[in-house]
4 protein chains.
Amino acid sequence: MMNRVILVGRLTKDPELRYTPNGVPVASFTLAVNRAFTNQQGEREADFINCVVWRRPAENVANFLKKGSLAGVDGRIQTRSYEGQDGKRVYVTEVMAESVQFLEPRNSQGNDRGDNYSSRPGGQDSSFGNQNQRQPQRNTRLDEDPFAGGGQIDISDDDLPF
Amino acid sequence: MMNRVILVGRLTKDPELRYTPNGVPVASFTLAVNRAFTNQQGEREADFINCVVWRRPAENVANFLKKGSLAGVDGRIQTRSYEGQDGKRVYVTEVMAESVQFLEPRNSQGNDRGDNYSSRPGGQDSSFGNQNQRQPQRNTRLDEDPFAGGGQIDISDDDLPF
Amino acid sequence: MMNRVILVGRLTKDPELRYTPNGVPVASFTLAVNRAFTNQQGEREADFINCVVWRRPAENVANFLKKGSLAGVDGRIQTRSYEGQDGKRVYVTEVMAESVQFLEPRNSQGNDRGDNYSSRPGGQDSSFGNQNQRQPQRNTRLDEDPFAGGGQIDISDDDLPF
Amino acid sequence: MMNRVILVGRLTKDPELRYTPNGVPVASFTLAVNRAFTNQQGEREADFINCVVWRRPAENVANFLKKGSLAGVDGRIQTRSYEGQDGKRVYVTEVMAESVQFLEPRNSQGNDRGDNYSSRPGGQDSSFGNQNQRQPQRNTRLDEDPFAGGGQIDISDDDLPF
DNA sequence: TTTT
DNA sequence: TTTT
């Protein structure tokens, strides 16, 4: 079985960052990906693709991407379902991003969201590492540089609360 | 903007073949793709991914795949929305397959569905070619062999009603 | 059989544009793609991947990309071999780009190479269309916009000699 | 930067399994991937793509694939160069497989190579785990099932010398 | 509504 | 509910 998705598009709005009860960060965002072709009316439509990312890259996304940012995603399609408010099953198809690439120059005007987003609940960090034992591990890469722009500044140690 | 999906999985049921009013074939099917990892309970879950394919490969899919068939898809994620029966918008994310690969040996027991599915409305064929001028063209490849098994028999001319 | 490659990286130098005897444009360039991880010495290495692109996108590449440009490629791996000058066979693995995405803002300082590269031999154009009948057709899309930045200016008609 | 390759093809010969001085397994093999289109002479050519895989999946590949096996690869393009015997630099482009999917039914006639390939040098195992700290970790998945056929038998513990 |  |  194989399941691979690669996307490049722009965030339709600022990403949302949540934490699980155990303090694991999850970010979600939507990529607008313009189609390569135009429709019968000659307009270029877009697909709006919901993405989810876990752990450290989630924090990076929340920190460095915002509405309109150009970003690349390498991940997998995941499906799930939940009970809708009207009692019927709702089916969801989304992209689980294993890595997210920032395709705009570092520190382009206001790259850093600057929010005080880091409301990560304290005291739960001890349970952090164990949490996702059986989750794909590529999310955890400590040495991944999410910026395509290159540059030598390493964000990991200074900017991120790990 | 980039948008690429590759899947390998098994059909959850027989594909469905429809025709547009102009006689353009569309097949839809769902791929069950087992995840590479097991969940907290040690079970291997699957993602159920809806796929759509147009034109000739649609006919091939209807002809040669059935419930349980192992197949590969190379395509794009597409999103659309429609008015639900309760008046509210329903959002759909699916894979537009540009090519479909049959990953089981040709003529493995009962590869050919054998249905009389070819209820393609006659008389509309003239409008066929013009129809999708602005659609991606890779669907139209006349020389594509959807079987991975190789073999020298070419299905296109004999088995397909084109 | 499936064969799909997606790359995002930077051109190591200006692309080279050639024409076949029949006037079909071919561009070649090398993408430097930084690895997601660092090596034992803590350095981030890169892979240098040779790419080839045909027809209209070849002209676009020659026109709008240059050394250092950030670009995305969606294509296939191709292998070929030729007689080396010392008589022994040389094997080549390269990426046949089906589409190339320009990931830098249009008209960022000097996007347009401005070269008089269009030394396309005249008089051969008549043979152009027929030439590659059996080549993948995605190269031919007349409505593809190679810029991720969007914007409404369509380059195809004004800037390109088609 | 992004770098993703997905292939489905057949092994041109039995895979080769080596071990680093520290006992890390590496398998190499070549996939023949038939092209989706035919050439000017109407023949379907193939690309012959060299692949490398590390650690546990390397052992799996050596154990369960052989000449002619249908397999899928999800990985990255890597380039390297070395001093040729005639003193000049040789450039190599190959695919680093992060996961390999076996696309033929388990225990199809003689799936198991049955070779006594497991000449893994003893005494080095202690250094095994630490070895590739900075290598991508997806190779290490203990719960990945390389067979597309599904089935409940888990090969990892019984059949593999770990 | 899910495949082996 | 959508980006440039």
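Just so it is clear: chains get the letters A, B, ... in the order the sequence lines come, proteins before strands, and each one is counted from 1. These numbers come from the heavy atoms of this one structure, side chains and all, not from hydrogens, waters or symmetry mates. Keep in mind the model is a prediction, meaning the values are calculated, not measured.
Defined by atom type and a distance below 3.5 Å, a donor-acceptor pair is present between the side-chain atoms of B:E43 and B:N39. Between the side chains of B:R76 and B:Q78, a donor-acceptor pair is found at a separation under 3.5 Å.
For B:N34, taking side-chain heavy atoms from C-beta onward, the closest of the listed nucleotides F:dT4, E:dT3, F:dT2 is E:dT3. Across E:dT1, F:dT3, E:dT4, the shortest atom-to-atom separation from the side chain of A:A46 is found for F:dT3. With E:dT3, F:dT2, F:dT4 as the candidates, the nucleotide lying closest to the side chain of B:F48 is E:dT3. Side chain of B:N50, nearest nucleotide from E:dT3, E:dT2, F:dT2: E:dT2. Among F:dT3, E:dT2, E:dT3, the nucleotide with an atom closest to any side-chain atom of B:A32 is E:dT3. The side chain of B:R89 sits closest to F:dT1 out of E:dT3, F:dT3, F:dT1. For A:K67, the side-chain atoms get nearest to F:dT3 when compared with the rest of F:dT3, E:dT4, F:dT2. In the set F:dT1, F:dT3, E:dT2, F:dT1 carries the atom at the smallest distance from any side-chain atom of B:Y91.
E:dT1 atom P lies 22 Å from atom CZ of B:F29, rounded to whole Å. Put simply, CG on A:L65 is 14 Å from P on F:dT4, counting in whole angstrom units. Atom CG of B:L31 is separated from atom P of E:dT2 by 16 Å (rounded to the nearest Å). B:L11 places its CG atom 12 Å from the C1' atom of E:dT4, with the value rounded to the nearest Å. Atoms CG (B:D47) and P (E:dT4) sit 17 Å apart, rounded to a whole Å. Following rounding to the nearest Å, B:E16 (CD) and E:dT1 (C1') show an atom-to-atom distance of 11 Å. A:R44 places its CZ atom 14 Å from the C1' atom of F:dT3, with the value rounded to the nearest Å. For B:R10 and E:dT4, the CZ to C1' distance is 5 Å, given to the nearest whole Å.
Residues C:N34 and D:N3 are not in side-chain contact: their nearest non-hydrogen atoms beyond the backbone lie 4.5 Å or more apart.
Under 4.0 Å is where a charged nitrogen must lie from a carboxylate oxygen, and between A:E98 and A:R4 at least one such pair does.
Counting any heavy atom pair closer than 4.0 Å across all strands shown, A:G68 reaches sugar-phosphate atoms only and no base atom.
In this structure, C:E104 CD and A:L70 CG are separated by 10.5 Å, a value rounded to the nearest 0.5 Å.
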